[in-house]
Structure formats: structure tokens, C-alpha cells
Amino acid sequence: MYRTILLILAVFAPIAGCSQSVDTNASKAVLVTGASTGIGRKVTERLSADGYFVYAGARKDTDLEALKAIRNVQPIRLDVTKPEEIDAALKAIQDAGRGLYGVVNNAGVVAVGSVVDTKWEEFELVLDVNIRGPYRVTRAFAPLVIAQKGRIVNIGSTSGILAGSGVSAYTMSKHALEAFTDALAQEMVRCRGG
């Protein structure tokens with residue numbers, strides 16, 4: 001988990017020799033999905049502590065309330081499986097007028113069970129959150145990120161490169177996320193003119 005957080009922070013950190021003050025980061029806004037717990041919460045806390053303005057996506061009222069207590073954080077209702085919530089989040093961020101420097105596609109779920117035992121509904125949920133979610137969010141917010149020559153980070157897993165018994169749906173989704181990220185990286189280089 002902590003290696004993933006370090007990777008994310010490295011992506012958003014200034015390039016060596018081009019130091020930025022906290023004030024410079026404060027003008028940069030980042031959207032983090034699945035910000036209520038785990039990696040998403042830690043990323044939100046770290047980016048906000050480093051001076052970034054963080055739109056912290058969460059689904060539950062209690063989580064949205066808890067996120068309000070963090071400096072430089074604006075909680076935003078965001079279930080990555082609901083296009084209407086993605087559209088509402090996009091509008092809120094556009095209306096705020098800060099632009100968007102980055103997206104951290106972190107929201108994720110796991111289903112434990114073999115191919116034979118996993119219920120179809122569980123399989124669909126894992127794919128909907130873990131791969132369709134980042135795809136939906138990226139499509140919606142990429143124009144804002146591209147405009148600021150920013151970054152899009154997808155939270156992967158070792159399950160994206162190694163398959164294991166009993167987590168077939170999760171492993172499939174994380175393999176798909178690896179492929180999505182590889183393709184997106186090439187597209188972003190072209191969009192950013194690099």
C-alpha cells in the first residue's frame with residue numbers, strides 16, 4: 001500500500017531542480033475517487049497537506065462529513081458507477097473555477113470467490129467499479145486535466161500482473177486497468193504535446 005502512495009506522490013511532486021512552494025500547489029486541484037478510506041484517504045490527506053486543493057470523492061454522507069474536517073479538501077459525492085454523479089461532480093468542479101490538475105482513480109472493490117462461485121452480480125460490480133469507473137471518470141475529467149498539462153493516476157495492484165486463485169474477478173479488473181493505463185499514458189503524451 002505504501003509503495004503505491006509513494007508512487008502517487010512522486011507523480012504529483014515537482015521535478016527535481018524545479019521546486020515549487022506550497023502556495024503554488026494550492027492553485028492546483030486534484031480529484032481523488034474512493035477518498036473515504038484506505039489508500040484514497042491517505043492520498044487525500046497527503047496531497048492536501050502538500051498544499052493541493054483536493055476534491056475528495058466519496059459515496060456516503062458520513063464519509064463526506066468526515067472529509068470536510070481536512071484542510072484544503074472539498075468532499076464531493078461521487079459513485080464511479082453512476083454517470084449522473086460523475087456529471088454532477090464535473091459541473092461542481094467546473095463551476096468552482098480552479099480547473100483540475102490531476103485525477104487519482106482510486107475507488108475499487110474486491111470480490112472473493114472462484115470463477116464458479118462468484119455471483120454474476122458481484123462480478124459485474126467489480127468490473128463496474130474497478131475498470132468502468134476509471135474509464136468513466138477519465139473520459140469526463142481528462143479535458144480539464146489536459147488543459148492544465150496535469151496528471152491522471154490509476155491505482156493498480158500486484159493482481160494486475162499476477163493472477164491468483166479465489167480473486168478472479170478482481171484480478172481480471174486489475175489486468176484490464178493495467179492495459180487501460182498503458183494506453184492512456186500514450187494518449188496523454190500526445191495530448192500534452194510530449
Side-chain angles (χ1 to χ4, degrees), residues 1-16 18-60 63-80 82 85-108 129-130 133-157 177 180-181 184-185 187-189 191-192 194:
M1 174 171 108
Y2 293 104
R3 274 193 286 186
T4 303
I5 291 171
L6 291 174
L7 174 63
I8 292 165
L9 298 176
V11 168
F12 285 101
I15 298 170
C18 300
S19 64
Q20 294 176 313
S21 69
V22 171
D23 293 334
T24 303
N25 291 344
S27 65
K28 293 182 178 176
V30 178
L31 169 66
V32 178
T33 68
S36 58
T37 60
I39 293 171
R41 177 66 180 244
K42 292 295 185 192
V43 168
T44 296
E45 291 170 353
R46 180 59 189 265
L47 289 174
S48 67
D50 285 350
Y52 289 91
F53 186 86
V54 180
Y55 294 102
R59 297 175 300 124
K60 299 176 186 169
D63 294 333
L64 292 165
E65 273 303 309
L67 289 164
K68 279 184 187 176
I70 306 171
R71 189 174 68 88
N72 291 335
V73 172
Q74 179 181 329
I76 195 157
R77 184 171 304 281
L78 183 56
D79 181 331
V80 300
K82 296 182 177 177
E85 289 191 13
I86 294 170
D87 291 345
L90 176 61
K91 183 174 183 340
I93 290 171
Q94 287 172 323
D95 290 350
R98 284 186 181 88
L100 192 64
Y101 179 75
V103 171
V104 178
N105 281 310
N106 170 71
V129 174
N130 295 359
Y135 180 79
R136 288 183 192 105
V137 169
T138 298
R139 278 185 55 96
F141 292 95
L144 296 178
V145 174
I146 291 166
Q148 290 200 355
K149 297 188 184 300
R151 307 282 187 269
I152 297 174
V153 175
N154 296 322
I155 302 299
S157 167
L177 187 62
F180 172 66
T181 302
L184 179 63
E187 293 171 6
M188 290 294 287
V189 166
C191 290
R192 294 178 63 196

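Each residue takes its place number in the sequence, starting with 1.
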Check residues 133-141 and write down every donor-acceptor pair under 3.5 Å in which the side-chain atom is one partner and the other belongs to a residue at least two apart or another chain.
unit_1 : atom_1 : unit_2 : atom_2 : d
Arg136 : NH1    : Val80  : O      : 3.0
Arg136 : NH1    : Asp128 : OD1    : 3.1
Arg136 : NH2    : Asp128 : OD1    : 2.6
Thr138 : OG1    : Asn105 : ND2    : 3.1
Thr138 : OG1    : Pro134 : O      : 2.7

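With rounding to the nearest 0.5 angstrom, the CZ atom of Arg98 is 10.0 Å from the CD1 atom of Ile93. Note that OH of Tyr55 is 7.5 Å distant from CG of Leu100, once rounded to the nearest 0.5 Å. If you take CZ on Arg151 and CD1 on Ile146, they are separated by 12.5 Å, rounding to the nearest 0.5 Å. Taken from CD1 in Ile39 to OG1 in Thr44, the straight-line distance is 11.5 Å, to the nearest 0.5 Å.
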task: Evaluate side-chain contact (heavy atoms from CB on, under 4.5 Å) for Leu31 paired with Leu144, printing each intermediate quantity in order.
output: CA-CA 11 Å; Leu31 169 66; Leu144 296 178; over 6 Å; no
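The two atoms that bring Ala89 and Leu78 nearest to each other are CB-CD1, 4.2 Å, heavy atoms only. For the pair Gly108 and Val129, the tightest heavy-atom approach, listed with the atom from each and the gap, is CA-CG1, 3.6 Å.
Asn106 contributes no side-chain N or O that, together with a main-chain N or O of Ile155, makes up a donor-acceptor pair within less than 3.5 Å.
The shortest distance between side-chain heavy atoms of Val43 and Val153 does not fall below 4.5 Å. Counting heavy atoms from C-beta on, the side chains of Asn72 and Val54 never come closer than 4.5 Å. Arg71 places none of its side-chain heavy atoms less than 4.5 Å from the side chain of Ser48.
Atom CZ of Arg77 has more than 12 heavy atoms from other residues, nucleotides or ligands within 6.0 Å.
Using a cut-off of 4.0 Å between Lys/Arg side-chain N and Asp/Glu carboxylate O, Lys91 and Asp87 are scored as not salt-bridged.
Every residue meeting the side-chain contact (heavy atoms from CB on, under 4.5 Å) condition with Asp63, not counting sequence neighbours, appears here in chain and number order: Ser36, Ala58, Lys60. Applying the side chain to side chain donor-acceptor pair (under 3.5 Å) rule to Arg41 yields the partners Glu45; only residues at least two apart in sequence or on another chain are considered.
Residue Leu184 forms a side-chain contact (heavy atoms from CB on, under 4.5 Å) with just one option from Leu177, Val189, Asn154, and that option is Asn154.
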